[in-house]
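Each chain gets a letter, A, B and so on, in the order the sequences are listed, and its residues count up from 1.
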There are 2 protein chains.
Amino acid sequence: MPRPRSLTQGQIAAAALAVIDRDGLAALSMRTVAGELGMSTMALYRYVGDRDELEGLVVELVLDGVDASPPPGATWQERITVLAGRVRERVGAHPGVVPLTMTHRHRSAGILRWSETVLGVLAEAGVEGPERVVALRGLLSYLIGAIQLEHLGPLSGEGTAAIAGLPRAEFPRMAETAGHALLIGAEEEFHGGLAIVLRGIAART
Amino acid sequence: MPRPRSLTQGQIAAAALAVIDRDGLAALSMRTVAGELGMSTMALYRYVGDRDELEGLVVELVLDGVDASPPPGATWQERITVLAGRVRERVGAHPGVVPLTMTHRHRSAGILRWSETVLGVLAEAGVEGPERVVALRGLLSYLIGAIQLEHLGPLSGEGTAAIAGLPRAEFPRMAETAGHALLIGAEEEFHGGLAIVLRGIAART
DNA sequence: AATCGTAAGCGTATGTCGTACGCCTACGAG
DNA sequence: CTCGTAGGCGTACGACATACGCTTACGATT
């Protein structure tokens, strides 16, 4: 009977994501998103309860875009690598939302499906019971940390600069390591770390 | 010649940390910290350039409290476990600062010393060159992710509730896994995941 | 075709935030 | 005793989230 809604939550989320992608996370506000949609600020509150919920929708939009279907791959390690890569790729396409993903991760049905698929692959690999819980959480921990390190770590090269300027006498290993670090790309680093975790799961006692 | 400073940056950071520990991260503002110190709001700006710098000081205070001395332990795995545990313990004592640690991590000299020590232990273990960089970053990724998962994951049990209410038919593995998850404490989960990473480093090709 | 209840959409207002700017004043060197 | 410097503070401004109440478009009913 009443007036129909003119926008879906998906359109709201898309507008917010557009603001973040264009002007950065700091530019996200109820005003900017409303402006992006051509509505007044308060009209937005007919669609979302508060700013927090808006952020949740953005994360949902990004994370639900992750393909959770069982991936190709000869071994279970390859399959999990594909699955992890999908998350990294999708989130990496919108670096601004990285800080939001942690707090709103649980709202995404897509990421739950993704977890379900990962658990299936782990089961294939013979990982069972509590061991499988620990493996999944370990994998998730690495994935979260690695993505954050990749996108929030340098922060305009501040970190790299700090390490480069370290007193070599007091930090001999760091200085040496910084040299090696230059030879390694982000991609290689991510997959190298992931390979460590996968070897660790495979080599369970 | 001029009037001497009446406060150190350490005292400022301690006041801010007290606010966070008592009233949560959301309560942190220039006004509340100034109030905690018994000064006016603007007096604070004689000590810190802006809010961002204040946050950096808090992270520094927390992270510099991590003992970076070479730890006891028969094997290198045990030594790294002790080192990682120190960070988890220290940060876990101030859960409110967890969201700040990622963005301001690099400002802490203490965490650099900690990294130096970790690199030393990895060297002992025979991990060299670029392989050592990947191992350190992998370890860091896991540590960051695990700590965040531990402190931002449940968020008033919202995540657990969401998983518990999942349609069993569509998410058979998740349902099964949730059951196992109840048997595992946070401590056990953290060390289990860390053990995976350490096994993965040990089993390097 | 006329009516009317409902919810969409908006304008205004409040309180909080970070912080720019300028004044006053305590201090220690001369 | 004096005076330049820098510490400390009050006021003010613009941006923010959001509570509240008004107006208006719509579609189901008459």
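- Candidate nucleotides D:dC16, D:dG8, C:dC10 were compared by shortest atom distance to the side chain of A:Met39, and C:dC10 ranks first.
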Checklist line | Intermediate values then yes/no, salt bridge (Lys or Arg N to Asp or Glu O under 4.0 Å), A:Asp52 and A:Arg107 | finding: CA-CA 12 Å; A:Asp52 202 62; A:Arg107 286 196 223 202; 3.2 Å; yes

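- For the pair B:Met42 CE and D:dC13 P, the interatomic distance rounds to 14 Å; values are reported in whole Å.
- Across the protein-nucleic acid pair, B:Asp23 atom CG and C:dT16 atom C1' stand 16 Å apart, rounded to whole Å.
- Distances from the side chain of B:Pro4 to the nucleotides D:dG27, C:dC10, C:dC27 place C:dC27 closest.
- Distance CH2/A:Trp114 to OG/A:Ser108: 11.0 Å, rounded to 0.5 Å.
- OP1 or OP2 of C:dC17 lies within a sub-4.0 Å distance of a side-chain N or O belonging to B:Ser29.
- With DNA chain C read from its 5' end, the first of the two nearest nucleotides for A:Ser40 and B:Leu28 is the one closest to A:Ser40.
- Nearest to the side chain of A:Tyr45, among D:dT18, D:dG10, C:dG18, sits D:dT18.
- Whole-Å rounding puts the A:Glu53 CD to D:dT18 P distance at 11 Å.
- Remark: B:Arg3 is not in phosphate contact with D:dT5, judged by side-chain N or O atoms under 4.0 Å from OP1 or OP2.
- No side-chain donor-acceptor contact under 3.5 Å links A:Gln9 and A:Glu60.
- One can place CD1 of A:Ile12 at 12 Å from P of C:dA8, the figure rounded to the nearest angstrom.
- Counting non-hydrogen atoms of neighbouring residues, nucleotides and ligands closer than 6.0 angstrom, the CD atom of B:Gln11 exceeds 12 such neighbours.
- Of the side-chain N and O atoms in B:Arg31, one or more sit less than 4.0 angstrom from OP1 or OP2 of C:dC17.
- Distances shorter than 4.0 Å separate none of the side-chain N or O atoms of A:Arg51 from OP1 or OP2 on D:dC16.
- Between the CZ atom of A:Arg5 and the C1' atom of D:dG27 there is a distance of 16 Å, given to the nearest Å.
- Between D:dG8 and B:Arg46, no contact under 4.0 Å exists linking OP1 or OP2 to a side-chain N or O.
- In terms of phosphate contacts, B:Ser6 brings a side-chain nitrogen or oxygen within less than 4.0 Å of OP1 or OP2 of D:dG8.
- The OG1 atom of A:Thr117 sits 8.5 Å away from atom CG of A:Asp67, with the distance rounded to the nearest 0.5 Å.
- For the pair A:Leu54 CG and D:dC16 C1', the computed distance is 14 Å after rounding to whole Å.
- At the phosphate of C:dG9, OP1 or OP2 sits under 4.0 Å from a side-chain N or O atom of A:Tyr47.
- The listed nucleotides are D:dC16, C:dG18, D:dG27; the one nearest the side chain of B:Met30 is C:dG18.
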